[in-house]
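Here is the structure we will look at, set down as structure tokens.
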Amino acid sequence: TEDGGVYNFNSDLSLISGFPILLDSKPSATPTVTKEGLLVPLVNKTFCIVNPQGQKANLEIENISGSVLASPSVQDGKIAYYDKGFLGKVVFINKKEKTSFNVTGIAYGSPAILEKNGNVYLGFITQSGNLSIWCNNFTVQDFPVEKKINGVFYNNVVSNGNYFYALASNGTLYRISLEGEIIAVRIPNATTKEGTLSVAELEKGNSSVFVGIDGNLIYGFNENLELLQGFPTTGTGKPVFTDANGDGNPDCFVLTIDNKLNAWKLK
């Protein structure tokens with residue numbers, strides 16, 4: 001909750017023993033769900049992890065100079081977040097080893113993590129379109145990659161494991177390779193200043209990209225920015241995918257702008 005209360009429910013929506021608990025400070029951003037539990041950035045400039053049994057522990061991180069105002073990115077125990085301040089920086093934590101990269105300009109959201117061929121890459125874009133890609137293996141040459149992309153960006157980049165994707169406020173969706181090669185598609189008659197950008201794996205090993213525009217439509221694209229069958233569909237925000245009817249295929253659940261829940265069979 002906004003006051004730092006943490007609740008944990010079972011599938012019957014009954015409160016699990018040991019909950020609720022109260023954190024030492026209020027959250028500064030939406031928590032992130034991890035395999036270990038709930039990762040919560042706090043306004044006292046620390047992180048707390050709450051496990052499913054109701055035990056909480058502080059995560060040892062370097063001092064935060066500004067504020068963490070977006071959900072940290074988590075992947076296989078690796079954590080990346082944006083320390084938003086006068087001199088901003090992106091921080092990457094891997095097995096308690098911390099690496100930080102300075103950022104020039106204001107940005108929204110958190111860096112995206114991409115793991116490929118044994119290397120870990122971080123992608124990050126500022127509001128004015130300054131894109132950086134860092135590699136955690138400093139023996140790899142030609143990193144960081146830095147690009148200027150046309151547009152204003154109110155979302156940060158996301159990754160599908162092969163590429164980074166960025167969404168400009170004028171409805172342009174960009175795909176950026178690790179080498180900095182860029183392709184783009186423009187969503188017609190759409191703006192995305194308050195839009196959403198997300199990735200979901202509809203088939204094993206095949207992730208798709210989803211854009212919620214300023215309105216009541218959600219677009220889905222494959223990794224080559226080709227429109228998916230059945231999209232756009234009515235809805236707002238980020239879609240959720242699960243096999244609700246038991247046919248072995250993921251179904252799409254979205255909220256609509258008039259507060260309804262829609263479910264779409266994709267196949």
| message | For a side-chain contact (heavy atoms from CB on, under 4.5 Å) check, start with the C-alpha distance between Asp76 and Lys35, then their side-chain angles and the critical distance, and finish with the verdict. | response | CA-CA 8 Å; Asp76 297 328; Lys35 293 180 180 179; 4.1 Å; yes
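- Under the 4.5 Å side-chain heavy-atom criterion for Ile, Leu, Val, Met, Phe, Trp and Tyr, Leu39 and Ile21 are members of distinct hydrophobic clusters.
- With a 6.0 Å radius and a threshold of 12 heavy atoms from other residues, nucleotides or ligands, Asp243 has its CG atom above the threshold.
- Of the possible polar contacts, one joining the Asn216 side chain to the Ile257 backbone as a donor-acceptor pair under 3.5 Å is found.
- The residue from Val199, Leu202, Asn160 that alone fulfils the side chain to side chain contact (heavy atoms under 4.5 Å, CB included) condition with Ser208 is Leu202.
- With no hydrogens or angles considered, a side-chain donor-acceptor pair links Asn170 and Thr172 at under 3.5 Å.
- Of all heavy-atom pairs between Thr192 and Gly212, the closest is CG2-O, 4.2 Å.
- Following chains of ILVMFWY side-chain contacts shorter than 4.5 Å, one can reach Phe101 starting from Val120, so the two form part of one hydrophobic cluster.
- Between Lys56 and Leu23 the shortest heavy-atom distance is NZ-CA, 4.0 Å.
- Looking at heavy atoms from C-beta onward, Tyr121 lies out of side-chain contact with Trp134 at the 4.5 angstrom threshold.
- In this structure, the separation between CD1 on Ile133 and OG on Ser177 is 7.0 Å, given to the nearest 0.5 Å.
- One finds no salt bridge joining Arg175 and Glu181 here, because no Lys/Arg side-chain nitrogen approaches an Asp/Glu carboxylate oxygen to under 4.0 Å.
- With rounding to the nearest 0.5 Å, the separation of CG in Leu114 from CD in Gln75 is 7.5 Å.
- Here the side chains of Gln127 and Tyr108 are in contact, with some heavy-atom distance below 4.5 Å.
- Counting non-hydrogen atoms of other residues, nucleotides and ligands closer than 6.0 Å to NZ of Lys148 gives a total above 12.
- Nearest heavy atoms, Leu22 versus Asp3: CD1-O, 3.7 Å.
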| request: Start with the C-alpha gap between Ser65 and Asp83, add the side-chain angles, then the distance that decides, and say whether side chain to side chain donor-acceptor pair (under 3.5 Å) holds. | output: CA-CA 7 Å; Ser65 58; Asp83 184 354; 3.2 Å; yes
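- Leu167 CG to Phe153 CZ: the interatomic distance, rounded to the nearest 0.5 Å, is 8.0 Å.
- A distance of 7.5 Å separates CG of Asn222 from CG of Asn206, quoted to the nearest 0.5 Å.
- Taking all atoms of both residues into account, the shortest heavy-atom contact from Ser159 to Gly161 is OG-N, 3.0 Å.
- For Glu115, the CD atom is densely surrounded, since the number of other residues' heavy atoms within 6.0 Å is greater than 12.
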| Test log, rule side-chain contact (heavy atoms from CB on, under 4.5 Å), inputs Leu173 and Leu197 | CA-CA 9 Å; Leu173 177 63; Leu197 178 63; 3.8 Å; yes
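- Atom OH of Tyr7 sits in a sparse spot, with 12 or fewer heavy atoms from other residues, nucleotides or ligands closer than 6.0 Å.
- Here the shortest heavy-atom pairing between Pro111 and Ser73 reads O-OG, 2.5 Å.
- A donor-acceptor pair is defined here as one N or O able to donate and one able to accept, closer than 3.5 Å; such a pair exists between the side chain of Asn8 and the backbone of Pro52.
- Hydrophobic clustering of Ile, Leu, Val, Met, Phe, Trp and Tyr side chains at less than 4.5 Å, counting indirect connections, unites Leu228 with Ile183.
- Ile218 has its side chain out of reach of Thr236: every pair of non-hydrogen atoms, C-beta onward, lies at least 4.5 Å apart.
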| task | Would you check, one step at a time, whether the test side-chain contact (heavy atoms from CB on, under 4.5 Å) holds for Leu122 with Val90? | result | CA-CA 9 Å; Leu122 297 183; Val90 165; 4.0 Å; yes
| Full working for side chain to side chain donor-acceptor pair (under 3.5 Å) between Glu223 and Asn162 | CA-CA 8 Å; Glu223 73 168 20; Asn162 291 318; 3.1 Å; yes
| task | Run the numbers on Asn130 and Thr104 for side-chain contact (heavy atoms from CB on, under 4.5 Å), then give the verdict. | result | CA-CA 8 Å; Asn130 294 321; Thr104 301; 5.8 Å; no
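- Distance CD1/Ile16 to CZ/Phe9: 9.0 Å, rounded to 0.5 Å.
- Side-chain rings of Phe210 and Phe241 approach one another, their centers coming within less than 6.0 Å.
- Screening Tyr165, Tyr163, Phe164 for a side chain to side chain contact (heavy atoms under 4.5 Å, CB included) with Val158, the sole residue that qualifies is Tyr165.
- Dense packing is recorded around CG of Asn249, with more than 12 heavy atoms of other residues, nucleotides or ligands lying under 6.0 Å away.
- Using modelled atom types, one finds a donor on one side chain and an acceptor on the other under 3.5 Å when comparing Asp258 with Thr256.
- Around atom CG of Asp247, more than 12 heavy atoms belonging to other residues, nucleotides or ligands sit under 6.0 Å away.
- A donor-acceptor pair under 3.5 Å links the side-chain atoms of Thr196 to the main chain of Gly237, judged by distance alone.
- When hydrophobic clusters are built by joining Ile, Leu, Val, Met, Phe, Trp and Tyr residues whose side-chain heavy atoms come closer than 4.5 Å, directly or via intermediates, Leu42 is not grouped with Tyr81.
- At least one side-chain heavy atom of Thr126 sits less than 4.5 Å from a side-chain heavy atom of Val103.
- Not a single donor-acceptor pair under 3.5 Å links the side chain of Thr30 to the backbone N or O of Ser71.
- Within the 4.5 Å cutoff, the side chain of Ile106 has heavy atoms near those of the Lys84 side chain.
- Within the 4.5 Å cutoff, the side chain of Val68 has heavy atoms near those of the Phe47 side chain.
- Side chains of Leu178 and Lys116 form a contact here, defined as non-hydrogen atoms less than 4.5 Å apart.
- Shortest non-hydrogen contact noted between Tyr174 and Ala184 is CD2-CB, 3.6 Å.
- Distance CZ/Phe231 to CG/Leu217: 11.0 Å, rounded to 0.5 Å.
- Under the 4.5 Å side-chain contact rule for hydrophobic residues, Ile49 and Val74 share a cluster.
- Asn51 and Glu36 form no side-chain donor-acceptor contact under 3.5 Å, judged by distance and modelled atom types alone.
- Between Ile125 and Ile149, some side-chain heavy-atom pair lies under the 4.5 Å cut-off.
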